[in-house]
Amino acid sequence: TTTEVTTEVEVQDDFTEIEVVELPAAVTAAITRDFAGAVTQEAWVKEKDGKVVYKIKIEVDGEKQKLYADAEGNWIEKEKKDKKDKNKDS
């Protein structure tokens, strides 16, 4: 007998949503160090060119921010894509 399990995962920009607790300790330490009082709300992960990239949504003093980090907790500057539709919510 074969049991097939299907898991629906929300994919965003090739990122796969993960539980906040699944973030590496180095990433959570970097958030704590660089964003005092931040609450991590959501997290995503993707592999690109053999490197793992984490996208993290945090809230600091009521202000939401998106961060990008590698597995070692180094911040990655997100390349800004030229968006033709500036009114579109990302």
Side-chain angles (χ1 to χ4, degrees):
T1 6
T2 307
T3 306
E4 198 173 309
V5 178
T6 308
T7 308
E8 277 195 37
V9 178
E10 183 184 335
V11 176
Q12 205 176 19
D13 301 331
D14 297 332
F15 281 89
T16 304
E17 190 165 7
I18 60 170
E19 295 296 320
V20 170
V21 294
E22 293 179 65
L23 286 169
V27 175
T28 53
I31 293 168
T32 304
R33 179 189 68 223
D34 296 336
F35 299 91
V39 176
T40 306
Q41 296 186 316
E42 296 177 71
W44 297 267
V45 65
K46 81 169 173 180
E47 195 172 317
K48 184 180 179 186
D49 305 326
K51 293 182 181 172
V52 177
V53 177
Y54 293 92
K55 178 163 87 169
I56 306 115
K57 186 161 111 182
I58 64 168
E59 188 173 314
V60 188
D61 300 326
E63 193 176 306
K64 290 179 174 53
Q65 294 182 39
K66 277 192 184 145
L67 310 171
Y68 297 86
D70 64 16
E72 287 78 49
N74 300 307
W75 300 119
I76 299 168
E77 197 62 46
K78 181 74 176 150
E79 315 86 46
K80 298 271 186 270
K81 290 181 184 163
D82 235 0
K83 288 190 179 170
K84 289 185 176 139
D85 185 3
K86 299 224 185 247
N87 298 328
K88 190 178 177 191
D89 252 336
S90 53

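From a predicted model like this one, the values you see are computed outputs, not experimental measurements. Only this structure's heavy atoms are used, side chains among them; waters, hydrogens and symmetry mates stay out.
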> Could you point out which residue of Leu67, Val21, Ile56 forms a side chain to side chain contact (heavy atoms under 4.5 Å, CB included) with Thr40?
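Passing option: Ile56.
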> Could you see if Ile18 belongs to whatever hydrophobic cluster contains Ile31? Use Ile, Leu, Val, Met, Phe, Trp, Tyr and a side-chain cutoff under 4.5 Å.
yes
> Which heavy atom in Ala71 sits nearest to a heavy atom in Ala26, and how many Å separate them?
O-CB, 3.7 Å
> Checking Lys57 now: which residues fulfil side-chain contact (heavy atoms from CB on, under 4.5 Å) with it, not counting sequence neighbours?
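Here the qualifying residues are Gln41, Glu42, Trp44, Lys64, Lys66.
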> Flag the pair Ile76 / Tyr54 as yes when at least one side-chain heavy-atom distance between them is below 4.5 Å, and no otherwise.
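Not touching, per the 4.5 Å side-chain cut-off.
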> For the residue pair Lys51 and Asp49, establish whether any side-chain heavy-atom pair is separated by less than 4.5 Å.
no
> Show every side-chain hydrogen bond (donor to acceptor under 3.5 Å, both in side chains) that has at least one partner inside residues 20-33, sequence neighbours left out.
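Residue pairs passing side-chain hydrogen bond (donor to acceptor under 3.5 Å, both in side chains), neighbours aside: none found.
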> Excluding sequence neighbours, so at least two apart, what forms side-chain contact (heavy atoms from CB on, under 4.5 Å) with Val60?
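So Val60 forms a side-chain contact (heavy atoms from CB on, under 4.5 Å) with Phe35, Ala38, Ile58, Gln65.
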> Verify the cluster assignment for Trp75 and Val53: are they in a single hydrophobic cluster under the rule of side-chain heavy atoms below 4.5 Å apart?
no
> Rounded to the nearest 0.5 Å, what separates atom NZ in Lys55 from atom OG1 in Thr16?
10.5 Å
> Please determine whether residues Tyr68 and Val39 belong to a single hydrophobic cluster, defined as Ile, Leu, Val, Met, Phe, Trp and Tyr linked transitively by side-chain heavy-atom distances below 4.5 Å.
no
